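This is a predicted model, so every value here is computed, not measured. In listed order, ligands and their atoms are each counted from 1.
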Amino acid sequence: MWKNLALTPLTIAVICQGGCTNQPTDKQLEVWRNEAIARNAEIVANNTKKAQQRQWDLVIQGETTTGKSLKFNWQQLQTLATNHVKTTDPLDILHSNEIFDFRGVPVAVLLQQFAVASHVTDVTFVSFDSYYTTLSLKDLWQYPITLAIAKNNKPIARAQGGPFYLVFPYTQYPQLKQKYDATNWAFYVSHIIVGTEPGLLHVGKHQVNLATLDQLPQVTLEQTVGYRISWPSGKVKLYGVRLRDVFTSLKEPLPAQGGVIIRGKAPFYEDAPVRLATQDLSKCDILLVTRWGENRELIPAKMGGPLTLAFSSQCPERISQSRWVTFVEELTTTP
Ligand SMILES: Nc1nc2c(c(=O)[nH]1)N[C@H]1C(S)=C(S)[C@@H](COP(=O)(O)O)O[C@H]1N2
Ligand SMILES: [Mo]
């Protein structure tokens with residue numbers, strides 16, 4: 001991008017070589033070139049700033065006695081990150097025997113600032129890319145399982161799982177290795193969910209809770225699911241409401257030529273939102289799932305709940321190969 005813009009004046013010069021009368025002078029070229037470079041630098045700086053602000057906030061939410069959520073920005077976490085965990089890193093496969101010095105904030109220190117409801121037993125970490133992993137609350141109190149922001153004194157690059165990388169003190173507490181394997185080491189954590197959040201959906205200007213969703217026509221599917229983490233691999237029962245019924249009940253018109261955007265908690269869904277065409281919503285059952293299994297249980301955070309997106313196996317493949325969004329939070333229409 002940087003290069004493309006900067007080269008534009010040169011490209012013009014090349015095109016004109018055959019017989020343009022108004023060929024730019026070297027001086028003019030240099031002016032254009034500098035302008036292009038300056039404009040690019042500005043765009044890059046702005047994008048970087050936006051991305052950093054968005055990506056480097058860490059949100060803690062879920063079942064608290066006050067119902068409030070907490071947000072920590074990069075600066076606040078820097079200040080809190082005083083704990084050192086010296087451990088091997090199972091995801092650093094080229095250095096699997098090396099002991100690294102991770103600096104970060106123990107999850108327990110973050111949770112202390114949050115009035116955890118007494119019945120909560122687990123905590124789910126959601127990552128930028130929509131990955132999620134769940135740990136027992138008891139272990140988080142007992143061990144210095146840490147959100148690391150530096151590895152051997154250097155900030156952790158995105159490619160290495162940064163800026164917030166969930167690390168386990170394997171070397172000091174080898175028993176943790178039995179309980180939590182490499183799949184629990186979560187890269188680029190963006191949200192910590194204590195227990196499971198109450199079902200709440202934003203639809204345009206409306207907020208819809210689980211009780212309201214329960215009043216809409218209920219649909220049951222029984223099929224294999226497209227979720228990647230912690231769901232059974234065989235056929236599973238899913239219960240919920242059709243997306244199109246949600247819009248109808250709220251008297252929110254669906255744009256005939258447009259569609260719907262389904263956003264989940266992971267910031268990934270902001271950059272690559274799942275879009276469905278209005279026409280597709282009437283082709284087959286596309287559900288907002290509220291319960292699952294033989295006992296119609298609520299969907300816990302460890303399975304991406306309380307609200308998830310599902311596609312009936314009757315849907316054309318083109319549609320059902322969309323992402324099965326977990327932690328669904330918002331539906332919006334798009335022209
Ligand atoms: N954010 C995030 N963390 C993650 C994953 C992921 O896809 N996203 N994969 C997990 C799994 S299944 C493994 S085995 C390790 C290594 O993942 P990799 O092979 O993709 O590096 O990271 C774990 N942490
Ligand atoms: Mo994995």
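By the 3.5 Å distance cut-off applied to N or O atoms, W185 is counted among the residues near ligand 1. For Y188, no nitrogen or oxygen atom sits less than 3.5 Å from a nitrogen or oxygen atom of ligand 1, counting backbone and side chain alike. Note: an N/O pair closer than 3.5 Å links F187 and ligand 1 by distance alone.
With hydrogens and angles disregarded, no donor-acceptor distance shorter than 3.5 Å links the side chain of T248 to the backbone of V246. For Y131 (side chain) and Y188 (main-chain N/O), no donor-acceptor pair under 3.5 Å exists by modelled atom type. Under a 3.5 Å cut-off, the side chain of T171 and the backbone N or O of T88 do form a donor-acceptor pair.
Contact atoms of ligand 1 toward S127: 1 (N) (distance under 4.0 Å to a heavy atom of the residue). Listed by number with element, the atoms of ligand 1 under 4.0 angstrom from any heavy atom of D129 are 1 (N), 2 (C), 6 (C), 7 (O), 8 (N).
In T133, neither the side chain nor the backbone holds a heavy atom less than 4.0 Å from any atom of ligand 1.
To the nearest 0.5 angstrom, R242 atom CZ is 13.0 Å from L288 atom CG. Here CD of Q207 is found 11.5 Å from CG of L250. Values are rounded to the nearest 0.5 Å.
Within the cation-pi definition used here (under 6.0 Å to the ring centroid, within 45° of the axis), K151 qualifies as a partner of F100. Cation-pi geometry between R296 and Y239 is met: under 6.0 angstrom from the ring centre, within 45 degrees of the axis. Relative to the ring axis of Y227, R323 does not place its NZ or CZ within 45° and under 6.0 Å from the centre.
Counting protein heavy atoms only, atom 14 (S) of ligand 1 is closest to T183 CG2, 4.1 Å. In this structure, the protein non-hydrogen atom closest to atom 15 (C) of ligand 1 is L91 CD2, 3.3 Å. Here the protein heavy atom with the shortest distance to atom 10 (C) of ligand 1 is Y131 OH, 3.2 Å.
Shown here, atom 22 (O) of ligand 1 is in close reach of the protein: a heavy atom of it lies under 4.0 Å off. In this structure, atom 8 (N) of ligand 1 has a protein heavy-atom contact shorter than 4.0 Å.
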